Amino acid sequence: MPTTDAQIEQVRALVAAIPRGRVATYGDIATAVGLSTPRTVGWIMRTDAADLPWHRVLGANGRPAAHLAQRQLALLTAEGVPIRNGRVDLRTARFPLPAT
DNA sequence: TTACTGACGGAGA
DNA sequence: CTCTCCGCCAGTA
């Protein structure tokens with residue numbers, strides 16, 4: 001099943017819905033939208049999410065993608081997100097995404 | 001057309 | 001804890 005425009009919009013909407021100081025994972029978003037792989041979410045962030053709070057999206061391990069780590073962690077710290085050793089504590093910062 | 005890449009993730013070792 | 005390997009799918013060569 002190819003990714004639809006509607007799904008891309010849903011991904012954008014969910015990312016935009018993450019409150020300041022909270023985060024979500026690529027996998028969470030993929031599941032909520034019904035995508036078969038979180039990679040697709042990564043692809044959307046890369047291409048069509050420059051105007052969204054992209055820094056609130058992390059990998060399942062609580063770490064940002066390597067090339068963005070420095071910048072992303074700085075932004076998250078500024079929002080008060082709990083970070084330990086470059087790793088976000090998902091147990092407390094994870095935002096329960098609204099299922100559609 | 002095939003092959004490789006990548007804002008990913010889970011299972012093994 | 002770290003490091004591979006494999007499935008996934010859109011884009012690129």
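Predicted, not measured: the structure shown is a model, and the values here were computed from it. Residue numbering restarts at 1 for every chain, and letters A, B, ... go by the order of the sequence lines.
Counting non-hydrogen atoms under 4.0 angstrom, A/P2 reaches the backbone sugars and phosphates but no base.
The shortest distance between side-chain heavy atoms of A/V57 and A/V23 does not fall below 4.5 Å. A/P98 places a side-chain heavy atom less than 4.5 Å from the side chain of A/L14. By the 4.5 Å heavy-atom criterion applied to side chains, A/I8 and A/W43 are counted as neighbours.
Heavy-atom contacts of chain A under 4.0 Å fall on DNA chain C between two terminal nucleotides, which in 5' to 3' order are C/dC1 to C/dG11.
Taken to the nearest 0.5 Å, the CD atom of A/Q72 stands 13.0 Å off from the CZ atom of A/R63. How far OG1 of A/T25 is from CG of A/L58: 8.0 Å, rounded to the nearest 0.5 Å. To the nearest 0.5 angstrom, A/I18 atom CD1 is 12.5 Å from A/W54 atom CH2.
Within residues 40-47 of chain A, the residues that place at least one heavy atom under 4.0 Å from DNA chain B are, in residue-number order, A/G42, A/M45, A/R46. Taking every heavy atom of residues 75-100 of chain A and every atom of DNA chain B, no pair lies under 4.0 Å. Near DNA chain C, meaning a heavy atom under 4.0 Å from it, residues 30-38 of chain A has A/S36, A/T37 in order of number.
Listed by chain and residue number, nothing satisfies the salt bridge (Lys or Arg N to Asp or Glu O under 4.0 Å) test with A/R20 (two or more places apart in sequence, or in another chain). Legend: residues meeting side chain to side chain contact (heavy atoms under 4.5 Å, CB included) with A/A6, ordered by chain and number and at least two apart, are A/T4, A/Q10. With sequence neighbours left out, the side chain to side chain contact (heavy atoms under 4.5 Å, CB included) criterion links A/P2 to no other residue. The salt bridge (Lys or Arg N to Asp or Glu O under 4.0 Å) search around A/D51 returns A/R12, not counting sequence neighbours. In terms of the salt bridge (Lys or Arg N to Asp or Glu O under 4.0 Å) criterion, residue partners of A/R94 (sequence neighbours excluded) are, by chain and number, A/D28.
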Show each protein N/O and nucleotides 11-13 of chain B N/O combination with a separation under 3.5 Å, one pair to a line.
none

With a 3.5 Å cut-off and sequence neighbours excluded, list the donor-acceptor pairs that the side chains of residues 80-92 of chain A form with protein atoms.
{"from": "A/D89", "atom 1": "OD1", "to": "A/R91", "atom 2": "N", "distance (Å)": "3.1"}
{"from": "A/T92", "atom 1": "OG1", "to": "A/D89", "atom 2": "O", "distance (Å)": "3.4"}

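For the pair A/A24 and A/L97, the tightest heavy-atom approach, listed with the atom from each and the gap, is CB-CD2, 4.2 Å.
The side chain to side chain contact (heavy atoms under 4.5 Å, CB included) with A/I44 is formed by just one residue from the set A/L52, A/V33, A/V11, A/V15; it is A/V11.
Each salt bridge (Lys or Arg N to Asp or Glu O under 4.0 Å) pair with one or both residues in residues 66-79 of chain A, not counting sequence neighbours, appears once here: A/R56-A/E79.
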